[in-house]
S.K.: 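The structure's right below; bear with me while I get my questions together.
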Amino acid sequence: MSPPFVAVAGAAGGLGQLVALALVKRGVAVKAFVRPNTDSSRTEKLRNAGVTVTPIDLAAVPALTKELTGAICVVSTLQGLRDVIHTAQGNLLEASVAAQVPKFIPSDFSLDFTKTQVGSNRNLDLRREFHTTLTKSGISWTSILNGGFMDLLVGDSPMINHKGRKVTYIGSSTQLLDFTTMVDTAAYTAAVAADPTPTPNFLRIASATVSIEDIAQAHTNVEGVKYKPNWIGTVGSTELMIRGLRFFGGENDVFPAWQGMQYMVNMFSGAGKLDPIDNDRYPDVQWTKIEDFFRENKHNK
């Protein structure tokens, strides 16, 4: 009989790979689901770490069920629109139930969509809708909410203008925002997946809870030059802009411009704020301070 393992769907993606590798660090056997014909270069690090890489069609529920037999948890890191979050992830859930997997972690990894208004964020709505199916399935599940990914604040970030040394925001510069690095999110997800005890339906985490003023100060400290908050409008005016931009399309795009603006509205209105924060549940998980993160990624801008 093969040893118990955790299955990670979407393991060729950035977060999926990190979750799989974090599980390996915990001494957990991992089976990584990737799309058929995935380039081997995208899974080389996983194979080198001892992960079992399994190309599989997520539409093939019987094959999925067979591959999931013996799993102690299924972690979904699938990203996309309705065809992915509902259909593909729904097939994964169906197979998990059929294989009698004890725990399922859906691909939420987001703001707190349990508190946001329906219609205010298309991608969050898709996750909320999937939870109807998830709850009806009867499987034990845990959703991990991590606010925004801190990684989006480096490189080509719409919030940070390094040339102008400005940090863009709407609403108030003192509104607290939750950010978690992908590495920290993966480490916590691995801890939940490997936890043999029952886990809550929702766990909320944040590497850092900061305001725009805090972010500007962190960049000032790291770069040695003054960064300033840059106000571009109210939450209400941004909502009006979203309606206008959405009129011209983008419904079939995973992340059109107006989708990013919807996240801004949810964050700066406080609607998607995480509370309470469950960082202390697994004491071995270390949390990245935002200034340290900027310093580590100083050359990625």
Side-chain angles (χ1 to χ4, degrees), residues 6 8 13-28 30 49 73 75 77 79 103 105-115 142-155 157 159-160 167 169 174-197 199-223 227 263 266-268 270 272-301:
V6 171
V8 179
L15 181 60
Q17 285 211 25
L18 289 172
V19 171
L21 295 174
L23 283 162
V24 170
K25 287 183 179 179
R26 288 185 171 272
V28 179
V30 181
C73 180
V75 180
T77 62
Q79 293 296 322
K103 185 187 298 182
I105 299 177
S107 184
D108 291 337
F109 306 110
S110 61
L111 311 181
D112 194 341
F113 57 79
T114 69
K115 300 174 183 176
T142 293
S143 174
I144 298 170
L145 304 178
N146 62 280
F149 282 116
M150 195 181 294
D151 306 65
L152 297 178
L153 297 180
V154 298
S157 168
M159 186 178 288
I160 313 296
V167 184
Y169 73 98
T174 60
Q175 171 63 48
L176 292 178
L177 314 170
D178 302 305
F179 292 100
T180 313
T181 68
M182 290 180 68
V183 170
D184 291 355
T185 302
Y188 194 91
T189 302
V192 175
D195 193 339
T197 65
T199 51
N201 285 146
F202 288 97
L203 287 170
R204 298 168 174 86
I205 59 173
S207 298
T209 298
V210 293
S211 68
I212 286 297
E213 293 180 2
D214 295 329
I215 294 173
Q217 186 60 53
H219 269 299
T220 298
N221 294 345
V222 170
E223 302 293 341
Y227 277 67
Y263 278 106
N266 289 154
M267 294 180 76
F268 285 98
K273 183 77 181 65
L274 303 178
D275 184 40
I277 299 292
D278 300 296
N279 283 15
D280 295 337
R281 183 178 178 86
Y282 301 102
D284 62 316
V285 176
Q286 302 297 307
W287 301 99
T288 307
K289 295 179 180 179
I290 197 162
E291 187 172 319
D292 292 338
F293 185 76
F294 289 155
R295 187 168 285 106
E296 291 169 5
N297 292 275
K298 184 175 180 178
H299 302 294
N300 295 335
K301 64 179 190 290

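In what follows, every heavy atom counts, from backbone to side chain, and hydrogens, waters and symmetry copies are set aside.
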S.K.: Roughly how far, to the nearest 0.5 Å, is the CE atom of M267 from the CD atom of Q175?
M.R.: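 Reported value, rounded in 0.5 Å steps: 9.0 Å.
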
S.K.: Which pair of heavy atoms, one from L21 and one from A49, lies closest together, and at what distance?
M.R.: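 Here L21 and A49 meet closest at CD2-CB, 3.6 Å.
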
S.K.: Looking at D284, I want to see if its CG is surrounded by more than 12 non-hydrogen atoms of other residues, nucleotides or ligands under 6.0 Å.
M.R.: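 Yes, the 6.0 Å shell around CG holds more than 12 heavy atoms from other groups.
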
S.K.: Hey, are Y188 and N146 close enough side-chain-wise for a donor-acceptor pair under 3.5 Å?
M.R.: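 No, Y188 and N146 have no side-chain donor paired with an acceptor closer than 3.5 Å.
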
S.K.: Between the side chains of S107 and Q79, is a donor N or O closer than 3.5 angstrom to an acceptor N or O?
M.R.: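 The criterion, which ignores hydrogens and geometry beyond distance, is satisfied for Q79 and S107.
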
S.K.: Kindly indicate whether the side chain of V192, heavy atoms from C-beta on, has any atom under 4.5 Å from the side chain of I144.
M.R.: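 They are in contact (side-chain heavy atoms under 4.5 Å apart), so the answer is yes.
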
S.K.: Kindly give the heavy-atom pair with the smallest separation between A194 and V28, and that separation in Å.
M.R.: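 Residues A194 and V28, closest heavy atoms: CB-CG2, 3.9 Å.
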
S.K.: Heavy-atom distance under 4.5 Å between the side chains of I205 and D184, does that happen here?
M.R.: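 The answer is no, as the side chains (C-beta and beyond) never meet within the 4.5 Å cut-off.
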
S.K.: Any salt bridge between D112 and K115, counting N to O under 4.0 Å?
M.R.: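 Counted as a salt bridge, because a side-chain N and a carboxylate O are separated by less than 4.0 Å.
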
S.K.: Quick one: closest heavy-atom pair of A186 and A22, and the distance?
M.R.: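 Residues A186 and A22, closest heavy atoms: O-CB, 3.8 Å.
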
S.K.: For A191 and Y282, work out which heavy atoms get closest and say how close.
M.R.: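 Minimum heavy-atom contact is CB-CG, 3.6 Å.
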
S.K.: Closest approach of S211 and L176, non-hydrogen atoms and distance?
M.R.: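 Closest pair (atom of S211, atom of L176, distance): N-CD2, 4.1 Å.
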
S.K.: Checking the side chain of T142 only, and the main-chain atoms of P200 only, is there a donor and an acceptor separated by less than 3.5 Å?
M.R.: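 Present.
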
S.K.: Hey, mind stepping through N279 and V285 against side chain to side chain contact (heavy atoms under 4.5 Å, CB included) and telling me if it holds?
M.R.: CA-CA 8 Å; N279 283 15; V285 176; over 6 Å; no

S.K.: Can you tell me how far CG of L177 sits from CD1 of I290, rounded to the nearest 0.5 angstrom?
M.R.: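 Those atoms lie 9.0 Å apart.
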
S.K.: Quick one: are W287 and T180 in side-chain contact, heavy atoms under 4.5 Å?
M.R.: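 Yes, at least one pair of side-chain atoms sits under 4.5 Å.
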
S.K.: Side chains of I212 and M159: does their closest heavy-atom pair fall under 4.5 Å?
M.R.: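 Counting from C-beta outward, I212 and M159 do come under 4.5 Å.
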
S.K.: Is there a donor-acceptor contact under 3.5 Å from the side chain of K103 to the main chain of D195?
M.R.: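 Pair found, side chain donor or acceptor close to backbone of D195.
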
S.K.: Would you confirm whether S143, through its side chain, and F202, through its main-chain N or O, come within 3.5 Å as a donor-acceptor pair?
M.R.: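 No, the answer is negative, given that no donor and acceptor are paired below the 3.5 Å cut-off.
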
S.K.: Less than 4.5 Å apart, any side-chain heavy atom of L145 and any of S110?
M.R.: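 Counting from C-beta outward, L145 and S110 do come under 4.5 Å.
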
S.K.: Looking at side-chain heavy atoms only, is the closest gap between I215 and Y169 below 4.5 Å?
M.R.: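 No, their side chains stay 4.5 Å or more apart.
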
S.K.: Which distance, rounded to the nearest 0.5 Å, do you find between the OG1 of T114 and the CZ of R204?
M.R.: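 Those atoms lie 5.0 Å apart.
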
S.K.: Please name the pair of heavy atoms, one in L15 and one in M182, separated by the smallest distance, quoted to 0.1 Å.
M.R.: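 Heavy atoms of L15 and M182 come nearest at N-CE, 3.3 Å.
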
S.K.: Quick one: does F294's side chain get under 4.5 Å of L153's, heavy atoms only?
M.R.: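 A side-chain contact exists here, since the closest heavy-atom pair is under 4.5 Å.
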
S.K.: Return the set of residues passing salt bridge (Lys or Arg N to Asp or Glu O under 4.0 Å) with D292 (not counting sequence neighbours), or none when no residue passes.
M.R.: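 Per chain and number, D292 pairs via salt bridge (Lys or Arg N to Asp or Glu O under 4.0 Å) with R295.
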
S.K.: Decide yes or no on side chain to side chain contact (heavy atoms under 4.5 Å, CB included) for T189 and V75, but give the supporting numbers first.
M.R.: CA-CA 8 Å; T189 302; V75 180; 3.8 Å; yes

S.K.: Looking at L274, is its backbone amide N or carbonyl O close enough to the side chain of D178 to form a donor-acceptor pair, meaning the two atoms are under 3.5 Å apart?
M.R.: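 Between the backbone of L274 and the side chain of D178 there is a qualifying donor-acceptor contact (under 3.5 Å).
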
S.K.: Are any side-chain N or O atoms of S207 and backbone N or O atoms of T181, one a donor and one an acceptor, separated by less than 3.5 Å?
M.R.: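 Answer holds: yes.
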
S.K.: Could you grab the distance from atom CD of E291 to atom NE2 of H219, nearest 0.5 Å is fine?
M.R.: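 Rounded to the nearest 0.5 Å, the CD-NE2 separation comes to 10.0 Å.
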
S.K.: Return the CZ to CG distance between F293 and D151, rounded to the nearest 0.5 Å.
M.R.: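 Between F293 CZ and D151 CG, I get 4.0 Å after rounding to 0.5 Å.
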
S.K.: First locate atom CG of L203, then atom CD1 of I277, and finally report the distance between them rounded to the nearest 0.5 Å.
M.R.: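 So the gap between those two atoms works out to 11.0 Å.
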
S.K.: So, the side chain of N266 versus the backbone of Y263: is there a donor-acceptor pair under 3.5 Å, distance only?
M.R.: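 The answer is no, because no donor-acceptor pair under 3.5 Å joins these two groups.
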
